[in-house]
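Report on the structure given below.
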Amino acid sequence: MLKSPATHSSTTPLASNDETSKATKSRSDFWLNAKDKYYAWIFLGPSLLILGVFIFYPMLKTLYLSLFLTNTVGKPTVFVGLANYINLLTSADYLNSLAVTMVYVLAVTAITIVLGLVLANFASKQLAGIGIFRTLFSATMGVSVSVAAIFWLFIFNPSTGFLSLVSTWLHLPQIGWLTDPTWAMVAVIITTVWMNLGFTFLILLGAMQSVPTTLYEAASIEGATPRYQLFHITIPMISPTLFFVSIITLIEGFKSFGLIDLMTKGGPTNATNMLVYRIYKDAFYSGNYAQASAESLILTVIIAIFTLIQFKVLEKRVNY
Amino acid sequence: MSISLRNVRKDYDSQTEVLKDVSADVQTGEFFVIVGPSGCGKSTLLRMIAGLTPITDGDVLINDKVVNDLPPKARKLTMVFQNYALYPFQTVWDNVAFGLKARKLNQSDIQHRVDHALEMVNLTEFSKRKPRELSGGQRQRVALARAVASDAEICLMDEPLSNLDAQLRIKMRQEIYNLQRKLGLTLIYVTHDQVEAMTMADHIMVLNDQHVQQIGTPSDIYQHPANEFVAQFFGTPQINILPAKRSSENDHLLTIASDDIEIALNEAVPVAELRVGVRPDQLRVSRTDSVESNAVVKNTEFLGDETIVYATLNSGDNIRAVISGQVSFRAYEPIKVTIGSNLLFFNNQGQRIALSKEEVVHA
Amino acid sequence: MKKILAFLRAHILPVIAIVVVALGAVVYTSAHNQVSAKPGRTKIVFWNEMGGPAEVALDQMVDKFNKSQTKYEVIPQYQGAYDEAVQKIIQSHGSSASPALFQSFDISTAQMMHSKYTTPVQKFIDADHYNVSDISPVARSFYSNKGKQLAMPFNTSQPVLYYNATLLKKYHITPPAKSPSYSDVTRVAEQLYKRSGHKVKGMTMEIYGWLMEEALANAKTSLVNNGDGHTGNPTKINLNNPTTKNYLKWIRTNIKSGDFVNYGSGASAETNEIAAFLAGKLGIFVQSSAYIGQLTTGNKDKLGISYFPHPDGKKANGVGIGGAALWISNDKPKKVQKGAFEFIKYALRPDSQANWQKATGYLALNSKSQSQPALKSLYAKQPEARVPGEQLAAAKPNNTNSGILMEGMQLTRELEETSMETVYDGGSISKALSTANQGMNANLKTTNRANHDYQ
Amino acid sequence: MEVVAKQSLSHKILNYALLIILTVVVLGPFLIGLWTSLLPTMDIAKGNFLSLHISLTNYVDAFTKTPILQYLGNSLWISALTTAAQLIFCSMSAYAFVFLRFRGRHVLFILFLATMMLPFEAEIIPNFMTIKAMGLLNTYSAMIVPFLTSAFGTFMLRQSFLQMPAELKEAADIEGLGHFQFYWKIVLPYNRISLITLGAYSFLGAWNQYLWPMLTTFSNAFRPVQNGLRQLQSEETFNDWGMIQATAAIVVIPTLIVLFIGQHYFKSGVNEGAVK
């Protein structure tokens with residue numbers, strides 16, 4: 001949709017629906033049918049096995065565990081129905097986690113998209129040596145959580161950190177970046193945005209470059225300014241990509257764990273205790289598998305909703 | 001290697017019929033063209049012969065053996081596709097050699113055959129190139145070379161020239177024809193282009209509306225089309241089909257298009273109402289005044305050696321006439337249209353009515 | 001790039017073959033054990049949570065043990081923080097990856113006991129006729145239940161009160177008593193704050209559940225029923241009691257008079273209070289004795305140490321210990337468990353413990369360590385380093401100062417800390433305590449229910 | 001992309017200036033990290049950020065005093081195996097969905113898609129138990145086996161396979177190629193760009209795994225680099241900033257190189273595989 005499929009007029013992609021491919025599809029009732037079934041087991045078998053054991057079974061097991069209380073060693077002992085869910089959804093603590101996660105996810109998504117657009121817009125200008133800037137802008141894609149955490153932990157360090165030095169030089173008040181609840185959230189958001197930026201930039205740049213040049217040529221003949229072109233041609237044209245990147249960022253945001261673990265451990269005073277970190281803490285710190293399982297299911301529902309939205313919209317290929 | 005189709009039928013989803021009761025015999029070494037408008041099922045028929053699509057009913061025979069249940073590879077044939085089906089990641093040479101390697105021929109045999117095939121299609125110097133580095137015509141030749149290199153004596157072609165420009169198409173037409181003759185291939189060729197069919201085929205099968213309309217030699221089909229569809233399908237500009245009536249006074253007299261044109265036949269008109277097919281070159285057009293005229297000119301197309309005149313009869317029927325040389329008419333100029341000797345007659349179901357005498361009209 | 005692709009294309013089959021073989025190899029090898037010991041020695045995987053200088057000291061101790069005999073080899077593996085290690089131990093139990101010997105912290109004792117995943121060291125003590133009388137009784141009682149030693153205390157600390165002796169001298173303030181009362185501490189803090197012209201904050205108490213529990217212990221008050229869990233499984237929490245209120249009121253008094261500074265909770269709070277103390281901006285704070293090392297090296301001022309404060313008009317009961325103990329898993333062969341106990345004995349030898357205290361600040365648990373050269377030289381240089389050990393020795397073990405034998409202590413501490421936070425921020429003491437009490441009771445009820453009341 | 005007829009010189013300079021500012025902002029953390037990795041820890045602790053005592057001591061320390069090479073090797077091995085396995089298994093299942101006809105194909109495909117809605121993060125508890133039951137705790141396999149295939153990879157390759165001209169399959173049928181031959185000789189080479197893209201994704205994905213290895217590895221012999229860095233941080237209790245930054249630099253530099261080489265594939269992969 002972004003890039004028109006590289007097909008010659010003559011090629012009949014397997015996906016299309018005209019006469020020839022109908023003929024191809026008729027292989028469905030080809031008399032090798034029985035054999036195809038046998039091949040299907042071979043080709044799909046390994047993947048089915050893995051997905052079954054590590055995706056489907058665990059989901060059911062999680063559901064099962066969430067309906068029980070689990071004892072010291074994690075065995076389900078007492079059936080309590082939905083009590084774990086009710087406890088969670090009435091606990092101020094868990095609602096706080098939900099709220100904190102929402103704030104984080106929305107902030108990260110919005111800021112990443114805006115900054116990604118800014119970078120992509122600059123990097124799509126036709127200037128000598130622009131390729132170097134494009135490469136540099138995408139650099140954070142190669143940064144893993146732990147590396148990003150180390151870089152930023154030093155920047156945010158209260159006593160010897162870079163920002164603390166800068167504020168000293170400029171005689172600004174010191175900010176308790178990782179110790180103050182509000183600023184800790186800001187710090188985590190900044191770091192996440194920075195990590196996401198390279199990927200987002202690259203995707204948006206790719207989308208911008210595949211907007212047909214003739215649209216801009218026509219617009220500039222009609223006297224549209226670059227800014228006007230950005231908001232009335234580029235952004236509408238890349239809207240499917242924008243949507244895609246937003247959803248991906250959103251979903252990844254809900255799954256954030258590494259940075260939280262490395263930078264704040266959910267603190268201070270639960271200010272950054274997001275959903276996955278909570279699951280981890282409840283299960284692997286407190287040993288409360290049942291509650292963690294209930295939390296896992298709630299997380300799954302949230303992510304499934306966003307994934308479904310993604311599928312639905314991509315299916316419709318809503319353009320502009 | 002002969003091929004026979006016996007009452008072949010194809011349904012999809014046991015609902016939609018694609019082909020009904022197709023029967024045909026293709027002789028060894030014959031150039032057999034299946035022609036029809038798009039969507040008529042001609043590609044499906046070809047794929048059923050190849051074994052790519054199962055048949056719902058009937059039999060496909062190769063060398064008098066029923067092959068309904070044989071997979072494609074066991075049918076010993078090759079196929080050339082509309083988009084050539086070249087492997088973009090392999091060189092020309094490897095593309096031609098691909099099937100041979102798959103059949104596990106020995107190395108020297110492969111070498112020999114591929115080189116020979118490339119030579120036949122004049123691609124020897126391109127053997128190291130990738131398909132994307134070739135022009136459309138060259139790609140088509142690679143596909144041909146694949147068929148040549150194979151030892152199969154049956155070759156199926158599915159609109160192999162439709163992606164080429166007009167000039168190249170004419171050239172490749174000849175090359176395919178020469179190749180078929182040289183190799184003695186039994187070739188079944190699918191196209192929607194009647195010119196290709198007319199110029200290349202030994203026999204033509206005309207398909208339309210899930211049915212075989214006619215099978216015959218090109219001249220047979222042109223001169224004795226089985227029905228209106230076949231008559232209309234062949235020949236440019238298209239044949240004129242006009243409604244006609246037997247005159248109530250004289251059963252040898254035929255009134256065409258209301259009463260604009262009258263024609264006397266050599267024998268009695270067999271039915272009261274019928275349709276007459278007149279090839280555009282059988283129509284004559286002359287200037288006249290508005291009282292005498294039976295038509296007005298719509299426009300003319302000058303083609304260099306002849307002129308096509310489009311006109312509307314007083315009855316409202318549109319006609320096309322081909323006149324040799326250059327003639328010029330103004331739009332709305334009144335003309336008189338008359339009919340030559342060669343006519344075709346169709347009943348109201350569109351089937352041709354054969355008359356006993358060759359020359360039907362008094363000259 | 002093209003060349004690489006060409007290579008890959010040409011060699012894709014062998015590459016994949018290698019990958020498949022390797023994959024098989026990995027799966028195969030993983031079924032076997034990963035860590036190889038020296039041939040002929042029994043391998044003992046030892047999980048610990050000692051980072052920084054303590055890790056170095058521990059590795060040295062292990063190294064010496066391995067060299068001291070020929071039957072066993074202890075392989076130390078660092079597992080991160082105490083909190084996460086507990087679950088790792090429980091969850092890996094019964095697999096080839098699980099440790100034979102592990103270190104687990106004080107508040108996990110009930111959990112370990114209930115899991116039934118360990119062999120109580122009492123079994124080996126009895127079999128070996130090992131004499132435990134030299135090992136600190138308070139520390140031992142923390143990890144024992146109904147007279148049976150479950151685990152061997154290892155790295156042990158005591159909460160003590162640190163004060164800046166130089167500053168007190170400068171402002172002519174009488175230092176707090178060796179075992180100070182709340183009001184005694186308040187006096188010093190207020191005087192320091194006033195006399196320094198508000199330049200020096202008098203005191204701080206970290207928002208840390210452990211400190212509140214120790215305040216209860218020192219006042220001989222139980223947090224939970226059934227003798228803080230020592231006489232039976234706890235069923236009821238009693239956080240909202242006069243002793244806790246008294247403790248929080250004491251802090252509130254100091255907050256109101258302005259001499260108190262709040263550094264919040266967690267590791268950062270500890271770093272910050274130490275930084276302030278070393279910079280001479282804070283006079284008094286209560287913290288683990290394991291910090292002595294950090295507080296003496298590079299400190300230009302003289303360090304003063306007193307016992308944990310006790311409420312006025314009440315005799316100090318003595319405080320429980322902090323730190324961790326060594327446990328022996330029961331999922332390993334007898335020979336391995338025996339080896340693990342050999343290491344425990346080695347770790348508690350007088351010389352081992354003396355070196356341990358010197359290197360880490362954790363208290364030597366073997367009473368004979370005090371006469372070891374390592375400690376003697378330490379005391380000669382820093383006489384105040386004796387104080388925590390004396391406090392430990394002074395306490396007579398009873399139910400209230402032997403820790404709280406209850407599961408879910410991590411969660412309990414979180415709730416305690418939330419209540420402390422509320423109070424520090426000016427909220428109502430009894431309301432904060434009753435909220436926490438409610439939460440803790442609910443957790444306890446769920447835990448007991450999930451474990452069928454440990455029937 | 002704006003059509004700029006003639007850019008004035010000042011306009012150009014402005015553009016470059018903005019680009020350079022953006023570059024500095026984006027690369028700032030890298031630069032700060034790299035710079036501090038060259039400084040002695042004492043200078044960092046004192047806030048002497050503009051120190052001139054530059055040396056590679058921290059790097060030497062990182063290599064000799066920490067198991068960073070072991071961590072890197074572990075990660076490399078885990079990522080390489082995961083990538084190879086995903087390429088094989090995802091392409092196989094994608095092949096089945098495109099080229100094989102069998103009952104339940106549609107349902108199975110929906111099932112595959114559905115797995116994309118189930119976050120692995122929410123399944124760590126049962127998966128931990130499974131891996132434990134398989135006896136794979138603290139092994140490479142623990143970090144590879146659950147990720148041998150992926151629904152995303154299958155989906156992406158399926159999209160790519162669907163773009164193949166139908167005639168290729170028919171030509172292969174006529175030549176008599178079986179499914180394995182067609183898969184191996186035609187489908188894989190034809191889709192190599194998508195395969196490289198998926199490979200890059202799988203590799204980066206495996207390389208960046210954090211939560212799962214943290215739960216399943218207990219010793220440095222198997223710990224991948226992300227968790228290794230976490231381990232180093234907690235062991236070093238954040239005192240030796242210079243060396244910590246050096247370890248981070250050691251980890252990030254190879255990834256950056258791979259990324260710059262493979263950039264093109266990431267971009268096209270996402271645009272074609274996911275959005276289309």
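In what follows, every chain begins at residue 1, and chains take the letters A, B, ... in the order their sequences are listed. In this text, all values refer to a predicted model and were calculated from it rather than measured experimentally.
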Exercise for review: Could you check whether the rings of F43(A) and H179(D) sit parallel, tilted or perpendicular, using 30° and 60° as the cut-offs?
Suggested key: perpendicular
Review point. Tell me, side chain or backbone of L108(D) under 4.5 Å from chain A's heavy atoms, or both, or neither?
Key: side chain
Study note, to complete from the structure: Sorted by chain and residue number, the side-chain hydrogen bond (donor to acceptor under 3.5 Å, both in side chains) partners of Y183(D) (sequence neighbours excluded) come out as S91(D)
Check your understanding: Is the ring centre of F180(D) less than 6.0 Å from the ring centre of Y39(A)?
Key -> yes
Exercise for review: Output the option from L118(D), L34(D), L168(D) having the highest count of non-hydrogen pairs under 4.5 Å with chain A.
Suggested key: L118(D)
Check your understanding: Any sub-3.5 Å donor-acceptor pair from S146(A)'s side-chain atoms to L229(D)'s backbone N or O?
Key -> no
Check your understanding: With a 4.5 angstrom heavy-atom cut-off, which part of T130(D) approaches chain A: side chain, backbone, both or neither?
Key -> side chain
Review point. Which atom pair, heavy atoms only, marks the closest approach of F56(A) to L111(D)?
Key: CZ-O, 3.4 Å
Practice item. Would you confirm whether W194(A), through its side chain, and V26(D), through its main-chain N or O, come within 3.5 Å as a donor-acceptor pair? Key: yes
Point to revise | Criterion ring pair (Phe, Tyr, Trp, His ring centres under 6.0 Å) against F128(D), the qualifying member of F284(A), Y289(A), Y280(A) | key: F284(A)
Exercise for review: Heavy-atom pairs under 4.5 Å with chain D are the metric here; pick the option from L197(A), L65(A), I279(A), L119(A) that has the most.
Suggested key: L119(A)
Point to revise | chain A contact via L211(D) - which portion, at a heavy-atom distance below 4.5 Å | key: both
Check your understanding: Which one of F254(A), F137(A), F306(A) has the most heavy-atom pairs closer than 4.5 Å to chain D?
Key -> F137(A)
Practice item. State whether the number of non-hydrogen atoms from other residues, nucleotides or ligands found under 6.0 Å of I42(A) atom CD1 is greater than 12. Key: yes
Practice item. Against chain D, label A128(A) side chain, backbone, both or neither, depending on which of its atoms sit under 4.5 Å from a heavy atom there. Key: both
Review point. Non-hydrogen atoms of chain D under 4.5 Å away: do they reach the side chain of F122(A), the backbone, both or neither?
Key: both
Point to revise | Toward chain A, the part of L113(D) with a non-hydrogen atom under 4.5 Å | key: both
Point to revise | Option that, when pairs with chain D are counted at under 4.5 Å, heavy atom only, ranks first among A123(A), A283(A), P58(A) | key: P58(A)
Check your understanding: Between G74(A) and M129(D), which heavy-atom pair has the shortest distance, and what is it?
Key -> O-CE, 4.2 Å
Practice item. Take D261(A) and Y210(D) through the side-chain hydrogen bond (donor to acceptor under 3.5 Å, both in side chains) test and state the conclusion after the steps. Key: CA-CA 10 Å; D261(A) 181 54; Y210(D) 183 85; 2.6 Å; yes
Practice item. Please flag which part of F120(D) lies under 4.5 Å from any non-hydrogen atom of chain A: side chain, backbone, both or neither. Key: side chain
Exercise for review: Measure across P29(D) and F151(A) and return the closest heavy-atom pair with its distance rounded to 0.1 Å.
Suggested key: O-CG, 3.8 Å
Review point. Is it the side chain or the backbone of I55(A) that comes within 4.5 Å of chain D heavy atoms, both, or neither?
Key: both
Revision key, fill the gap. Of the listed A122(D), S37(D), S150(D), the one with the largest count of heavy-atom pairs under 4.5 Å with chain A is A122(D)
Point to revise | Exercise: identify the closest heavy-atom pair between A292(A) and I125(D) | key: CB-CD1, 3.6 Å
Exercise for review: Show the numbers, then the answer: is there a side chain to side chain contact (heavy atoms under 4.5 Å, CB included) between V145(A) and N208(D)?
Suggested key: CA-CA 7 Å; V145(A) 261; N208(D) 286 336; 5.6 Å; no
Check your understanding: In chain order, what residues pass the salt bridge (Lys or Arg N to Asp or Glu O under 4.0 Å) check against E121(D), with sequence neighbours excluded?
Key -> none
Review point. Of the backbone (N, CA, C, O) and the side chain (C-beta and beyond), which part of I305(A) lies under 4.5 Å from a heavy atom of chain D, both, or neither?
Key: neither
